[in-house]
Colleague: 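Below you will find the structure I want to go over with you.
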There are 4 protein chains.
Amino acid sequence: MNHQGLREKVVAANLEIYRSRLAILNWGNASEVDRDAGVFAIKPSGVDYEVLTPEMVPLIDLASGEKIEGDLNPSSDTATHWHLYNAFPEISGVVHTHSPNGTAWAQARKAIPCLGTTHADTFYGEIPCTRPLTQDEIESAYELNTGKVIVEHFKKTSLNPLEVPGVLVSAHAPFTWGTSAMKAVITAQVLEEVAKMALSAWALNPAVGPVESYLLDKHYLRKHGPKATYGQN
Amino acid sequence: MNHQGLREKVVAANLEIYRSRLAILNWGNASEVDRDAGVFAIKPSGVDYEVLTPEMVPLIDLASGEKIEGDLNPSSDTATHWHLYNAFPEISGVVHTHSPNGTAWAQARKAIPCLGTTHADTFYGEIPCTRPLTQDEIESAYELNTGKVIVEHFKKTSLNPLEVPGVLVSAHAPFTWGTSAMKAVITAQVLEEVAKMALSAWALNPAVGPVESYLLDKHYLRKHGPKATYGQN
Amino acid sequence: MNHQGLREKVVAANLEIYRSRLAILNWGNASEVDRDAGVFAIKPSGVDYEVLTPEMVPLIDLASGEKIEGDLNPSSDTATHWHLYNAFPEISGVVHTHSPNGTAWAQARKAIPCLGTTHADTFYGEIPCTRPLTQDEIESAYELNTGKVIVEHFKKTSLNPLEVPGVLVSAHAPFTWGTSAMKAVITAQVLEEVAKMALSAWALNPAVGPVESYLLDKHYLRKHGPKATYGQN
Amino acid sequence: MNHQGLREKVVAANLEIYRSRLAILNWGNASEVDRDAGVFAIKPSGVDYEVLTPEMVPLIDLASGEKIEGDLNPSSDTATHWHLYNAFPEISGVVHTHSPNGTAWAQARKAIPCLGTTHADTFYGEIPCTRPLTQDEIESAYELNTGKVIVEHFKKTSLNPLEVPGVLVSAHAPFTWGTSAMKAVITAQVLEEVAKMALSAWALNPAVGPVESYLLDKHYLRKHGPKATYGQN
């Protein structure tokens, strides 16, 4: 089996989506790229998490987006992952979930405001919500255009994808990413938790605004970047 | 034991209702029909899920709706299942749950709007809510009339029961169906998940409308029908 | 050990409170009476559920309300149970929980309206909320007066305690009862589930009213009383 | 290993944070002080709960706040714990969580009102929410200043930290404390449960006020202080 390690990591990340209930049934998917090899591995389409093995994981050519190995069809969202890997060279893992609270914000077509330090520890500002895709974008190359609409938002608003490692696709659901598939899953767990907290906080006080910029800086920067003090590094 | 395979499938589907917490205690029920044999199997009334065995599952004659085998009384909702099987020849499994979020929408007497792709992947449009039954319909042949009110809604609005594989009975709870009892349970899981998401989305943004028809088409039709691309088929 | 069977039933019912998460920590309590013996058994005060054994369960004299056997202090709510047993001769088990949704309604000081058949299957009408206790009632014989306020509500509104087998004590939490401790626990599970459903239904549609009296009759009476058709009786 | 017993208690308390889902991932932390030895033990920074062992737990000098033993960096919140131990001599354990409902109230920047007896059994009045920290307080000695803002609130409002054993830090999350780390974790569990109940109660009835002072007295004082009657003491 080629790229066995990559495929094993992708299986582990996908299982963690299911185990932490970021998706029920066979919803959701995780992928990871080996940039040196020019290949990414992704969940096969419509396969139940419990039966997933490394052998079942398709390999996709990073340059062309075409499957180069594997008997099964790759995730229907493969083109979204592919576009994100090409547009965001700093990321190596992508995750898509239908986690209930994150999806509720996506369906409300609202960004998740940064209402507290739990959010600021992982996301350097709000978790954005894309514009809706147009009819043309949906009717042709839908999954690729989903990736393009995400990237359009990040370019237009000058967001750094490692500082804001996730997004809500309008009327759809969350995508997250990171330096590995497992890190993207963990970010998806954080997104779901802060989505739940923000929903409740907003119910208690619709007038509450985002955290002050200096509190955002303090929390984000104590965990990320050259001046980070959190953890054992 | 006659129809052992059918009874075993019905036991498995009923256990999955309980395991996935679509009902507590002994609430809810699942059935499956063998149309060639003209027989359907259904959960016995008021029996706890943990003790359910194939031997305990009553068999009902599809033509008459009468029990033809089994020591135990069939589910009190048997006549609803029976009517659905006769009115919707394309279905082979029926499930009734009291899942909390789906039931909340039924109690609010509101259809669940299709607010996102999670919903559109399974239901081709809103999950409808029937009209309330009249006093006469309730006081005579209540369970049969529950089935009739469901079918009336689908006929009047020209819905295809495989495209909209579930309904809320006003002030009551969800019914779902499909090509097997287990598939109907999975649809009941989806119904509960989208009911939860829609409840939260609506709290965040009561002005949000249903997804655009072209997004609905894209998601529903990539998973269902002759042009489906999802999965391994 | 005297009344070993009674004590074992009380242990089992208390464990089920905890297992079904109707209370966290050591909150909540269940009791059961042996009316022929004139004795009831109740959870000891402040003991963790996991360590509870029949030997630890105090016995209380039904006539006097005084402990007649057991090393441990009985539940601080013993006088409430005692009063309910004496005022409602048709009941043999009493349960008190702090289940989160039921308690939320009690804290909102509102009865849980009967919004659907899930509720109507167990409670013949709304789950009432008592009036607040007065300062005098709280400062002297508080627990006994809690029982008295419950009974006052049932007498004043001519409710049958087996038809409405539970109540919310204003600003406090639910009490349920039945023909055994375990049945009272199951009723407490139903109360919590319908409290959750009603909370969500009411958020979706604050204008929704209780179910029609004929739907209430149909559902309650198909499960209870001489004309019941549900189950295997 | 020095202070092995203290470190083992801190490991057990931290595991209980995770087990009872008061925090996901590696969020949250618990500490306990040995006042005779002038030392406290605290969770190391950024370590996963499942792998935590007593050897990994750093020891901090109570007088200086400096680490005196342990290979790993202590929790980034160590200075908050340290200040609380010095300001509140009656406490011996401190816990910080990001439990979802408690954090929602903190993000809404609102105290949790005492709406019922569940709350009154543990907290003698509302669970306060601190003022926001200023930019200066955040940019220098942030974690120490978090402790100072908590203590400022308790001094200004003359609260007894054993009677109100917890607080919400505005836009951040809960801190709780007690006579041991494990007791502070249990209080954090209570805080989360009453936060959830209050959120729902407030949704049902925004006009509801806190419990009457005599009900608060009755419940708090039957569990705490010289006249307590609850439990086996």
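So that the names make sense, note that chain A is the first sequence line, chain B the second, and so on, each numbered from 1.
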Colleague: With a 4.5 angstrom heavy-atom cut-off, which part of A:W202 approaches chain B: side chain, backbone, both or neither?
Modeller: side chain
Colleague: Between A:K110 (side chain) and B:L204 (backbone), is there a donor-acceptor pair under 3.5 Å?
Modeller: yes
Colleague: Identify which part of B:P113 has an atom lying under 4.5 Å from any heavy atom of chain A, answering side chain, backbone, both or neither.
Modeller: neither
Colleague: Can a salt bridge be assigned to the pair A:R21 and B:E193 using a cut-off of 4.0 Å between side-chain N and carboxylate O?
Modeller: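 So A:R21 pairs with B:E193 through a salt bridge.
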Colleague: Give me the atom names and distance for the closest heavy-atom approach of A:N73 to B:G231.
Modeller: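 Taking every non-hydrogen atom into account, ND2-O, 2.9 Å.
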Colleague: Please identify, among A:G46, A:A198, A:S45, the residue contributing the most non-hydrogen atom pairs under 4.5 Å to chain B.
Modeller: A:S45
Colleague: Distance check, rounded to the nearest 0.5 Å: B:T122 atom OG1 versus A:W27 atom CH2?
Modeller: 6.0 Å
Colleague: Rounded to the nearest 0.5 Å, how far apart are OH of A:Y142 and OG1 of B:T229?
Modeller: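 The OG1 atom of B:T229 is 11.5 Å from OH of A:Y142, to the nearest 0.5 Å.
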Colleague: Among B:I186, B:V190, B:N205, B:L115, which has the most heavy-atom pairs under 4.5 Å with chain A?
Modeller: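 It is B:L115.
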Colleague: Can you confirm whether more than 12 heavy atoms, excluding those of B:D48, are under 6.0 Å from its CG atom?
Modeller: yes
Colleague: Tell me, for A:I138 versus chain B, whether the close heavy atoms (under 4.5 Å) come from the side chain, the backbone, both or neither.
Modeller: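 Interface part for A:I138: both.
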Colleague: Just so I understand: if I count every heavy-atom pair under 4.5 Å between each of B:V208, B:D217, B:T118 and chain A, which residue has the most?
Modeller: B:T118
Colleague: Counting only heavy atoms closer than 4.5 Å, note whether A:P44 contacts chain B via side chain, backbone, both or neither.
Modeller: both
Colleague: So which heavy atom on B:D121 is nearest to which on A:H98, and how close?
Modeller: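 Minimum heavy-atom separation between B:D121 and A:H98: OD2-CE1, 4.4 Å.
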Colleague: Closest heavy-atom contact between B:A201 and A:Q107?
Modeller: CB-CB, 3.8 Å
Colleague: Please classify the contact between A:L25 and chain B as side chain, backbone, both or neither, with a heavy-atom cut-off of under 4.5 Å.
Modeller: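 Only the side chain of A:L25 comes within 4.5 Å of chain B.
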Colleague: If every non-hydrogen atom of B:Y230 is compared with every non-hydrogen atom of A:N26, which pair is closest and at what distance?
Modeller: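 Distance-wise, the nearest heavy atoms are OH-OD1, 3.3 Å.
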Colleague: What part of A:T134 lies closer than 4.5 angstrom to a heavy atom of chain B: side chain, backbone, both or neither?
Modeller: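 Only the backbone of A:T134 comes within 4.5 Å of chain B.
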Colleague: Locate the shortest heavy-atom distance separating B:M197 from A:T103; write the atom from each residue and the value.
Modeller: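 Nearest pair, atom of B:M197 first, then A:T103: SD-CG2, 3.6 Å.
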Colleague: B:S200 and A:L199: which non-hydrogen atoms are nearest, and at how many Å?
Modeller: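 Smallest interatomic distance, heavy atoms only, reads CB-CD1, 3.6 Å.
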Colleague: Which answer fits A:V47, side chain, backbone, both or neither, if we ask what part of it has an atom under 4.5 Å from a heavy atom of chain B?
Modeller: side chain
Colleague: Can you tell me how far the CG atom of B:L215 sits from the CD atom of A:E139, to the nearest 0.5 Å?
Modeller: 10.5 Å
Colleague: Answer with side chain, backbone, both or neither: which region of A:E143 has an atom nearer than 4.5 Å to a non-hydrogen atom of chain B?
Modeller: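 For A:E143, side-chain heavy atoms alone lie under 4.5 Å from chain B.
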Colleague: Among the options B:H219, B:K196, B:Q189, pick out the one with the most heavy-atom pairs lying under 4.5 Å from chain A.
Modeller: B:H219
